[in-house]
2 protein chains.
Amino acid sequence: MLHEEVVGRIRAILLDGEIPPGARIPERELCERLQISRTPLREALKVLAAEGLVQLLPHRGSRAAKLTDKDMRDLFEVCQGLEALAGELACERISDAEIGAIATAHDEMVRHYRDGDLIQYYRGNRAIHEAIVSAAGNPALTGVYASVTARIRRARYVTPMTPQRWALAVKEHEAILNALQRRDGAGLSHILRAHLRHKREEVLQAGFAETDASDLTLRIA
Amino acid sequence: MLHEEVVGRIRAILLDGEIPPGARIPERELCERLQISRTPLREALKVLAAEGLVQLLPHRGSRAAKLTDKDMRDLFEVCQGLEALAGELACERISDAEIGAIATAHDEMVRHYRDGDLIQYYRGNRAIHEAIVSAAGNPALTGVYASVTARIRRARYVTPMTPQRWALAVKEHEAILNALQRRDGAGLSHILRAHLRHKREEVLQAGFAETDASDLTLRIA
DNA sequence: TTTTACATTTTTGAATGCAAAATTTGCGAT
DNA sequence: ATCGCAAATTTTGCATTCAAAAATGTAAAA
């Protein structure tokens, strides 16, 4: 299925920041690069627009969605609510095996933290949150969560992190794992809300919305 | 913008149940009816597929999404989480004017309840929940909520309602309005979760997934 | 020199055409 | 009469083409 493939590839291009937020998406160029015609490309762009990753301007083409400060805050709030819900549901349904897998991922993430490897830490962090959402056993929730996090992802990866905040995040993750193991839904929901709130503060403090991806890649490096 | 228009019209057709869940969507026919070619129609179908209203089967065309029992339960859970989040946020941000508007809508809804007008009652009910979401002042949340509720909508409107449940729902709504007026975020969140849980039980009890829209219209009438 | 009007080019949006896949139809064998 | 298989038709997916709108460039006038 060409169309699905195309959506995935363009999404990856956008999430990698290869086309920075606010930049025009050159149809012609992408067609050549992906070796497809404009029809499936345009279909893919409309799907991505529905997902919120692309802005469509009438007769003026499409742009990589540029999120304002407020947009980021809003998305984080939704993300927070979804993760809290996922945590509660997960506590009711999660299996011992799933808890074990999350514990393993947690240990790995802590290892990356000790190594000071921020990129790998973020990867592990994301894996844990996705595992919790997955453990909720609710595909509709998983889908909505994926859509919301996709829009935030770039910002989340590039926020500069102070040692204090990083240490706090790790501590919170320990509490999250603990609540999961105790299957304490209400407690987990509470922790997840606090966790997200702290993450949100990071992002806003970084003033992400004023920058664009070209800066961000530099910041990562 | 032809494409936007088309998405809206097909969405309306699907939400009206004119094309029942699980039924094939005849491209050719819709093209003639909307007086457009296949290109914009197919773009619209892909957008609706991304929204979850349409299922795309490779080389087999598109169908109006048919939700299983589990799908419905899942969507209700997400809806519940989103409304709870919206309630909490609304309590922080809602203006007196907005509370007044919701109170008015509430009174109107209660009037329809007293008249035994289920259809109008549902309409008012939906307006209140949408107003709360709107009062959260979070467009991202509003968008996600709209997408999720669109998928549930048909089921929500057609569930048979016992007098007991109906009375309970009205009581809960009074508690909701009360918590809003007190700006009691935690309390509102709690009530909304209970409210949704009750609604969910109705839907599941009705065994919606086993029916299709042609039955449902009869049930309404 | 700057500005505005106009022509050219580019790009977008939609229609049509074409090849591949699936469904339906018809025919023959059991 | 029914089942199986193959040809024909329909339908899907993508490429190409065409028309309209916007961007660009140029030239003339102030």
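Since this is a predicted model, take the numbers as computed values, not measurements. Residue numbers start from 1 in every chain, and the chains themselves are labelled A, B, ... in the order their sequence lines are given, proteins ahead of strands.
- No side-chain donor from either of A:E130 and A:Y145 sits under 3.5 Å from a side-chain acceptor of the other.
- A salt bridge links B:K70 with B:D74: the closest approach of a Lys/Arg side-chain nitrogen to an acidic carboxylate oxygen falls below 4.0 angstrom.
- Distance A:H59 NE2 to C:dG13 P: 6 Å, rounded to the nearest Å.
- One atom, CZ of A:R42, and another, C1' of D:dT17, lie 14 Å apart when rounded to the nearest Å.
- On a pure distance criterion of 3.5 Å, no polar donor-acceptor pair joins the side chain of B:S37 and the base of C:dA14.
- Taking only side-chain nitrogens and oxygens, B:R60 comes nearer than 4.0 Å to OP1 or OP2 of C:dT23.
- Rounding to whole angstrom units, CG of residue B:L45 and P of D:dC14 are separated by 14 Å.
- The aromatic rings of A:Y121 and A:Y113 sit tilted relative to each other, their planes meeting at an angle between 30° and 60°.
- A:K46 places its NZ atom 15 Å from the P atom of D:dC14, with the value rounded to the nearest Å.
- For B:P40, counting side-chain heavy atoms from C-beta on, the closest listed nucleotide (C:dA15, C:dT11, D:dG13) is C:dA15.
- Few gaps surround CZ on A:R183; more than 12 heavy atoms of other groups in view lie less than 6.0 Å from it.
- Taking atom CG of residue B:L57 and atom P of nucleotide C:dA21, one finds them 17 Å apart after rounding to whole Å.
- For the pair B:T39 and A:E27, nearest-nucleotide mapping onto DNA chain C gives the more 5' position to A:E27.
- Distance CD1 (A:I25) to C1' (C:dT11): 15 Å, rounded to an integer number of Å.
- Look at CZ on B:R28: it is 13 Å from C1' on C:dG17, rounded to the nearest Å.
- Under the side-chain contact (heavy atoms from CB on, under 4.5 Å) rule, B:L41 has a single partner from B:E27, B:R28, B:R33, B:K46, which is B:E27.
- When distances run from any side-chain atom of B:R24 to the nucleotides D:dT12, C:dT12, C:dT11, the shortest one goes to D:dT12.
- As judged by a 4.0 angstrom heavy-atom cut-off over every strand, B:R38 is placed among the base-contacting residues.
- The interatomic distance linking B:R63 (CZ) with C:dA22 (P) rounds to 15 Å, in whole Å.
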